[in-house]
Undergrad: 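For reference, the structure I am asking about is given below.
Below, all heavy atoms of this structure are taken into account, side chains as well, without hydrogens, waters or symmetry copies.
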Amino acid sequence: MSEDNQMKRRRFLQATGASALTVGLAGCSGDDDGNGNGNGNGNGNGNGTPTGTPGSSVSYPYGANENLINEARSVMEDAGYGEDNRFQLDWLQYNSPAWEEMATTIEARLEQAYIDMNRSSADFGQLLDRTENGDMQAYTLGWIADYPAPRNFLQLVDPENTIYGAEGATPNGARLFWTEDAYTDTEVRDGMTEQFDRIQNNPGNSDDAVQTRAEATRRMEELLWDSAALLPIYHNVADSYWYDRVDYNPPGGMGGSRAKTSTSVNSLEGSDTLGLTSPTFNSLDPIASGNTASGDKVMDMFDAPLNYVNGSVEVEPLIVEDYSVSDDLTEYEFTLKEGIQFHGDYGEVTADDVVYSIRRLVESTNSTNTYFPLSVLNIDREENDDGGVVPGSTAVEATGDYTFTVTLREAFGYTLEVLAYSAFSVVPEGIVGDIEGYDGDMDWQEFSTNPVGCGPFVFESWEPGIGGEFRASAFEDYHDGEPAVGEIRTGIQSDPNAIYNRFLNENADVSAIPTSQYDESLVNFQDEDGVTQLGEYGPIGDGKTVNMARTPTIDTFYIAFNMQEVPKPVRQAMAYVITRDQFVSNVFKGRGESAFHLTPPQVFPDGPEGYQAHWQE
């Protein structure tokens, strides 16, 4: 690394606090079935309320890996439930044999505690739609880190961020509907809000700020235990499998949706077309891509200002070549690389394109990702009486052909990491007329299904739905070098057998293997590359042995509740009968780690040791 690059790297680490991170790491995920495609009341007071001051350590109150049927029955009886007054619980889950198996076990246990589960399943897009509309009581989902900090996970349970459909609301939390009328203690709800504010309002890297965030993180986890609003089940690992013909570099812990295929695949023998498999997805517009399946495609066709290096926690400039940060972490000035080309006839990327793209993310009614620029970065803007953003007031300004500034209302220590999120990808100025001042070259629906970016691959076609296919071709003029493969062909499947057979029949060069088809006895790990285990898997099919990599991912999969529909005793009864180690070992076949916190071990205060010490205190 040159002396100049070393200096830039030091400035970057200082600006982001990333020097404190020691592990390699978007958004919602339905389940782990593709593993990487994407996955007594205790406490000394007798009523399940954590004791102690903010930052205190109290043990997990529902038993560690014990099926506490008697406790579940008791808490329900205390609330007036019994054989003649049973609770009917509507359970919604992603289509997954693994989660179906777990639900069957939970259902049998809850029957003994006067709770009858009415189970239904949906593909990922339908599950997101139904839960956002409150069309459920209990549901399963997962969250993969958007940036490597506890705040990214704890925002899921910040009460104000869990209420969908409210006027002026732009939530990106779990679908808890944690309103003031929800079935929960007011003190717990207020405490969650207060502690999340402590995290938000102390963004710096001073010892005091770090300590405050750590205390608030631990306290929010304790309050989450008390509320039983969301029950973490496990933290996933990403397993990748590929044939020898692919020179493959497995993505880091942030997952494949944060890695570009042009980086992960170095070469492909015998063909110019890379075969992949994907779940269903709804949109290819960066501002409307809210899940890992969409994120995969957006990462390949678009570029954001910065980029996570092959899905690791390391962030580097992508379409920018330099930047400066004010001492108070509120003013960011960026200089674009010159000569970056859009696909098609849209010409060179300029600062005006960046301003337009971020304005769309903030101001467009088509944006489903406004939480990131408004609530996470808190970009400065003017607001009308209804709380909406006044068009044109978003504080992103072109200061030259290749320079632009972003101004925040308050300091935030992970701005550069968030600007690597695919929602901030750059599109040609004026291509869609969905913000004030632009008529648009195409309407939103056309752009959403026929996008134009400046990434390493150019959109070719998309046949949506199960059995369909997504295609993209290499962009010869890509500013970071033409990709090693000429085309990507991605088959769209959700059935685990179809996913597995597609790989077995070599229609996919790189794939996940669904849990239902996974055989732990076929694994042979031989080496490690950082936190990633490398080895072989097989024989499969007619005796083939394929390459395999396993990387711990920074994510959490969980069961959560509509708090306006499900009383606290029902939620606690569920907590009492969950045996995480058993589920991870038997249902998910050892592909993960039991979760007792929403915040994953890699980003928990004091790391994995702090994680274990806190819930076992």
Undergrad: Quick check against the 3.5 Å criterion: does R175 have a side-chain atom that pairs as donor or acceptor with the backbone of M136?
TA: no
Undergrad: Using a 3.5 Å distance criterion without hydrogens, assess whether the side chain of R502 forms a donor-acceptor pair with backbone atoms of L276.
TA: yes
Undergrad: Are side-chain heavy atoms of L534 and F525 found at a separation under 4.5 Å?
TA: no
Undergrad: Determine whether T217 and I199 satisfy the following criterion, side chain to side chain contact (heavy atoms under 4.5 Å, CB included), listing intermediate values before the conclusion.
TA: CA-CA 8 Å; T217 295; I199 293 173; 3.8 Å; yes
Undergrad: Compare every heavy atom of R109 with every heavy atom of V577, then report the nearest pair and how far apart it is.
TA: O-NH1, 2.7 Å
Undergrad: Can you measure from CG (L176) to OG (S227) and round to the nearest 0.5 angstrom?
TA: 8.0 Å
Undergrad: So, taking the atom named CZ in R189 and the one named CG in D181, what distance separates them when rounded to the nearest 0.5 Å?
TA: 9.0 Å
Undergrad: Are the side chains of Y558 and T140 in contact, using a 4.5 Å heavy-atom criterion?
TA: no
Undergrad: Tell me, do W99 and T104 make a side-chain contact under 4.5 Å, heavy atoms counted?
TA: no
Undergrad: Can a donor-acceptor pair be found, under 3.5 Å and without considering hydrogens, that links the side chain of D158 to the backbone of F196?
TA: no
Undergrad: Answer yes if the side chains of N282 and S294 hold a donor-acceptor pair under 3.5 Å, and no otherwise.
TA: no
Undergrad: Between the side chain of Q137 and the main-chain N/O of D90, is any donor-acceptor distance below 3.5 Å?
TA: yes
Undergrad: With the side chain counted from C-beta on, respond yes when V376 and N172 share a heavy-atom pair under 4.5 Å apart, and no when they do not.
TA: no
Undergrad: Does N133 form a side chain to side chain donor-acceptor pair (under 3.5 Å) with R130? I'd like the steps, not just the answer.
TA: CA-CA 5 Å; N133 291 323; R130 287 182 59 181; over 6 Å; no
Undergrad: Output the distance between atom CD1 (I233) and atom CG (L230), rounded to the nearest 0.5 Å.
TA: 9.0 Å
Undergrad: Do S278 and K297 pass the side chain to side chain donor-acceptor pair (under 3.5 Å) test, and can you show the C-alpha distance, the side-chain angles, and the key distance before you say yes or no?
TA: CA-CA 10 Å; S278 170; K297 320 302 178 296; 2.8 Å; yes
Undergrad: State the CD-CD distance between Q112 and E107, to the nearest 0.5 angstrom.
TA: 12.0 Å
Undergrad: When you check the side-chain N and O atoms of D123 and S494, is any donor under 3.5 Å from an acceptor?
TA: no
Undergrad: Among T532, D239, V531, which residue satisfies the side chain to side chain contact (heavy atoms under 4.5 Å, CB included) criterion with R550?
TA: D239
Undergrad: In terms of side-chain geometry, is the basic nitrogen of E506 or K544 positioned less than 4.0 Å from the acidic oxygen of its partner?
TA: yes
Undergrad: Closest heavy-atom contact between R86 and I115?
TA: NH2-N, 3.8 Å
Undergrad: Looking only at side-chain N and O atoms, does R151 offer a donor or acceptor that is under 3.5 Å from a partner on Q200?
TA: yes
Undergrad: Answer whether the closest heavy-atom distance between the side chains of S59 and W615 falls below 4.5 Å.
TA: no
Undergrad: How about Y248 and W242: are their ring centres within less than 6.0 Å of each other?
TA: yes
Undergrad: If you look at every heavy atom in Y243 and V546, which pair is closest and at what distance?
TA: CE2-CG1, 3.5 Å
Undergrad: Please determine, by modelled atom types, if T277 and S511 share a side-chain donor-acceptor pair under 3.5 angstrom.
TA: no
Undergrad: Show the nearest heavy-atom pair for residues L284 and V298, with the distance to one decimal.
TA: O-CG2, 4.0 Å
Undergrad: Between atom OG of S375 and atom CD of Q155, what is the distance when rounded to the nearest 0.5 Å?
TA: 8.5 Å
Undergrad: Quick one: closest heavy-atom pair of W225 and Y60, and the distance?
TA: NE1-CD1, 3.4 Å
Undergrad: If only side-chain N and O atoms count, and only distance matters, is there a donor-acceptor pair under 3.5 Å linking S461 with E469?
TA: no
Undergrad: About how many Å separate OH of Y62 and CG of L231, when rounded to the nearest 0.5 Å?
TA: 7.5 Å
Undergrad: Could you tell me whether the side chain of D185 and the main chain of E187 form a donor-acceptor pair under 3.5 Å?
TA: no
Undergrad: Give me the ring orientation class for F177 and Y164: parallel if the planes are under 30° apart, tilted from 30 to 60°, perpendicular past 60°.
TA: tilted
Undergrad: In terms of side-chain geometry, is the basic nitrogen of E520 or R591 positioned less than 4.0 Å from the acidic oxygen of its partner?
TA: no
Undergrad: Do T449 side-chain atoms and Q445 backbone N/O form a donor-acceptor pair below 3.5 Å?
TA: yes
Undergrad: What do you reckon, is CD of Q88 surrounded by more than 12 foreign heavy atoms closer than 6.0 Å?
TA: yes
Undergrad: Okay, side chain of N562, backbone of D135: is any donor-acceptor separation there less than 3.5 Å?
TA: no
Undergrad: Strictly under 6.0 Å, is that where the ring centroids of F372 and Y421 end up?
TA: yes
Undergrad: Please give me the minimum heavy-atom distance between M192 and L224, naming the atom from each residue.
TA: SD-N, 4.2 Å
Undergrad: Got a donor-acceptor contact below 3.5 angstrom from the D300 side chain to the T261 backbone?
TA: yes
Undergrad: Centroid-to-centroid, Y611 to F604, below 6.0 Å?
TA: yes
Undergrad: Would you check if the side chain of R258 reaches a backbone N or O of D146 as a donor-acceptor pair within less than 3.5 Å?
TA: yes
Undergrad: Is it true that the side chains of T179 and Q564 contain a donor and an acceptor less than 3.5 Å apart?
TA: yes
Undergrad: Could you go through T579 and N65, starting from their C-alpha distance and side-chain angles, then the distance that decides it, and tell me whether this counts as side chain to side chain donor-acceptor pair (under 3.5 Å)?
TA: CA-CA 4 Å; T579 48; N65 299 306; over 6 Å; no
Undergrad: Report yes or no: does S425 contribute a side-chain atom to a donor-acceptor pair with the main-chain N or O of S422 at less than 3.5 Å?
TA: yes
Undergrad: Just by distance, no angles: are the side chains of D555 and T553 close enough, under 3.5 Å, to form a donor-acceptor pair?
TA: yes
Undergrad: Is any side-chain heavy atom of R471 less than 4.5 Å from a side-chain heavy atom of T490?
TA: no
Undergrad: Could you check, using the six-membered ring where one of them is a Trp, whether H235 and W143 have ring centers closer than 6.0 angstrom?
TA: no
Undergrad: Taking the side chain as C-beta and beyond, is there a heavy-atom pair between L89 and V566 under 4.5 Å?
TA: yes
Undergrad: Kindly indicate, with the supporting measurements, whether the criterion side chain to side chain donor-acceptor pair (under 3.5 Å) is fulfilled by W91 and Q93.
TA: CA-CA 7 Å; W91 166 286; Q93 68 181 49; 2.8 Å; yes
Undergrad: Do the charged groups of K260 and D296 touch, with an N to O distance under 4.0 Å?
TA: no
Undergrad: Hey, do the aromatic rings of W462 and F281 have their centres closer than 6.0 Å?
TA: yes
Undergrad: Is a donor from one side chain sitting under 3.5 angstrom from an acceptor on the other, for S594 and R580?
TA: no
Undergrad: Less than 4.0 Å between a side-chain N and a carboxylate O, is that true for D519 and K589?
TA: no
Undergrad: Any chance the rings of F588 and Y234 have centres within less than 6.0 Å?
TA: yes
